[in-house]
There are 2 protein chains.
Amino acid sequence: MARPTSFDRDAAIETAMQELWRHGYEASSVKKISELLGITRSSYYNAFGTREELFKLALAAYGAQSPDRVLCGDLLERPILVLLTAMFRQVCAVRAADPEARGCLFINSLCELGGEQSELGQLLVDSFISGAERLEELLDIAVRNGELPGDTDTHAKALCIQNLLIGLNTQSKAVHDEDELWLVARTMLEGLGLYRE
Amino acid sequence: MARPTSFDRDAAIETAMQELWRHGYEASSVKKISELLGITRSSYYNAFGTREELFKLALAAYGAQSPDRVLCGDLLERPILVLLTAMFRQVCAVRAADPEARGCLFINSLCELGGEQSELGQLLVDSFISGAERLEELLDIAVRNGELPGDTDTHAKALCIQNLLIGLNTQSKAVHDEDELWLVARTMLEGLGLYRE
DNA sequence: GGTATTTTATACATAAGTGAACAAAATATT
DNA sequence: AATATTTTGTTCACTTATGTATAAAATACC
């Protein structure tokens, strides 16, 4: 019962996400994104509200295609550590294959905004903590499944996995060779006793 | 034979560095920094040239006080791995103690600008690569000194150390407890066979 | 003291960026 | 077809930001 939008909302979010991924939050002004989308700022504000709102939508869109999304799923067929190892291999492949070396949008944003005492900064920090807790749960399951020794410090290992993810994604901005990235990931996973073929 | 500057140049660079550390490169406009320093943009341009130039000066000032500066020194009294372990402990302490959770200026900048094909982005990427090579040299010395087995893959371990540094510094934006950070560092170093008391 | 030299202040011009207001356009529903 | 509803286009008012140009101020040197 109203005028329809002249553009594809989901496609616009996707385009905006790619730009945020490329240049970060602060560099992605309403003006720039509007011009990129071929819409007026008027339409931007109307469709998405503030810059923060669109950023949150972009983060969600990113999450749906991120190589570490597998960790959020509920149904895990394969053993957890096999899945984890495969995920890291995927991360290395995807990051090395990006000609723009953008790393990970989430981690980039945490780095850019995590220190600020803004709503977005807090949101990113909270998501990071949730991610670590989720990983710890997965490792606890792995212990119960006999994939890991009973005395495994799953809390420490969960933080280490997060640490490795951060490092690989950021490092991929300087190291573009998949084998080099994988060398790091494999060495670290082996050192943590988490590597599984 | 000329009018002297009304401000302390080194102090100004230090103040600018702190601000760049806090909010990143793009957020630190000439206007903001000038107002923060209590000088006019005119003086800014005259004293430092472009924003890039001041940023490079700030990077140098940061490097001189960074917890990982020990890796650049030539004279190493203690065994290298003891020094390395101590450095990581220092990184954890310093990052946890920062009430603003700014992480590491260098790594923040690599994350923000590393992907862009700008002069600064390339400079940061190059510095990162140099850092990895320097670490590899140190590990090679450690092998020769008998601190590490002869078959150690120093290339892999050097990249892993860089990875760990990136992860800890960025993670410190979300994890403010020194013990938690150290837990990650120690677990990783032990896993890599690099931990020494 | 006069002069050369550099810093600082001020102004100018221009572009980018934000946010709101309001009218015009488009469409689904009645 | 009229209307309610939402999107879109346009304008306004304002701040931020960059870069330059030019004049005024302050000092060192002769």
Side-chain angles (χ1 to χ4, degrees), chain A residues 1-59 108-109 112-113 116-121 123, chain B residues 1-59 108-109 112-113 116-121 123:
Chain A
M1 170 203 244
R3 179 175 179 172
T5 57
S6 65
F7 59 95
D8 183 328
R9 182 181 168 86
D10 288 337
I13 293 173
E14 171 72 19
T15 303
M17 183 271 279
Q18 296 286 343
E19 189 70 1
L20 283 158
W21 194 358
R22 238 184 298 274
H23 300 299
Y25 179 72
E26 280 307 325
S28 301
S29 65
V30 176
K31 184 184 192 349
K32 273 190 190 158
I33 298 291
S34 298
E35 287 170 355
L36 181 70
L37 295 177
I39 65 177
T40 60
R41 287 188 301 122
S42 188
S43 297
Y44 179 112
Y45 285 123
N46 179 259
F48 305 116
T50 65
R51 204 149 116 258
E52 285 81 8
E53 293 302 321
L54 178 52
F55 181 69
K56 289 180 194 169
L57 293 171
L59 267 186
N108 293 351
S109 305
E112 181 183 0
L113 306 169
E116 322 275 333
Q117 59 243 43
S118 60
E119 192 206 324
L120 275 184
L123 183 146
Chain B
M1 165 201 248
R3 178 174 180 172
T5 57
S6 65
F7 60 94
D8 184 328
R9 182 182 167 86
D10 288 338
I13 293 172
E14 171 73 19
T15 303
M17 183 270 279
Q18 297 286 342
E19 189 70 2
L20 282 158
W21 195 357
R22 239 184 298 275
H23 300 298
Y25 179 71
E26 279 307 325
S28 302
S29 65
V30 175
K31 182 183 190 356
K32 275 190 188 157
I33 298 291
S34 298
E35 287 169 356
L36 181 69
L37 295 178
I39 65 177
T40 60
R41 288 189 301 120
S42 188
S43 296
Y44 179 111
Y45 284 123
N46 179 258
F48 305 116
T50 66
R51 203 150 115 257
E52 285 83 9
E53 293 303 321
L54 179 52
F55 181 69
K56 288 179 194 170
L57 294 171
L59 268 185
N108 293 351
S109 304
E112 180 182 1
L113 305 169
E116 320 276 331
Q117 60 242 46
S118 59
E119 191 206 325
L120 276 184
L123 183 146

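So you know, we letter chains A, B, ... as the sequences are listed, proteins then strands, and number each from 1. Only this structure's heavy atoms are used, side chains among them; waters, hydrogens and symmetry mates stay out. A quick note: this is a predicted structure, and the numbers were derived from the prediction, not measured.
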- Write down the atom of A:L20, the atom of A:A58, and the distance for their closest heavy-atom approach. CD1-CB, 3.6 Å
- Task: Please figure out whether A:S6 or B:T50 has its closest DNA chain D nucleotide nearer the 5' end.
- Result: A:S6
- Any A:T40 side-chain N or O less than 4.0 Å from OP1/OP2 of D:dT8: no
- Message: The side chain of B:A2 is closest to which nucleotide in this list: C:dT8, C:dT6, D:dT16?
- Response: C:dT6
- Message: I'd like to know if A:R3 reaches the base of D:dT6 with its side chain, counting only an N/O donor and acceptor under 3.5 Å.
- Response: no
- Message: Can you measure B:I33 atom CD1 to D:dT16 atom C1' for me and round it to whole angstrom units?
- Response: 14 Å
- B:Y45 OH to C:dT10 P, straight-line distance once rounded to whole Å: 17 Å
- Below 4.0 angstrom from OP1 or OP2 of D:dA17, is there any side-chain N or O of B:S29? yes
- May I have the distance from B:Y44 (atom OH) to C:dT8 (atom P), rounded to whole angstrom? 15 Å
- Roughly, in whole Å, what's the span from OH in B:Y25 to C1' in D:dT18? 12 Å
- Parallel, tilted or perpendicular: ring planes of B:F55 versus B:Y25, cut at 30 and 60 degrees: perpendicular
- Message: Could you tell me how far apart A:E35 (CD) and C:dG17 (C1') are, to the nearest whole angstrom?
- Response: 10 Å
- Message: Measure CG/A:N46 against P/D:dG9 and give the value in whole Å, please.
- Response: 11 Å
- Note on the structure: Comparing nearest nucleotides in DNA chain C, the 5'-proximal residue of the pair B:R41, A:V30 is B:R41
- Check ion pair B:K56-B:E52 (N to O, under 4.0 angstrom): no
- Task: Please tell me if the side chains of B:R9 and B:L57 come closer than 4.5 Å, counting only heavy atoms from C-beta onward.
- Result: yes
- Query: Which nucleotide sits closest to the side chain of B:K31: C:dT8, D:dT8, D:dA17?
  - Reply: D:dA17
- Round to a whole Å and report the spacing from CG of B:L37 to C1' of C:dA9. 17 Å
- Donor-acceptor pair under 3.5 Å: do we get one between B:S42's side chain and the base of C:dA9? yes
- Note on the structure: Against the side chain of A:T5, the closest entry in C:dG17, C:dA26, D:dT8 is D:dT8
- Item | B:E19 side chain to B:S28 backbone, donor-acceptor under 3.5 Å | no
- Item | Whole-Å distance separating the CZ atom of A:R51 from the P atom of C:dG19 | 8 Å
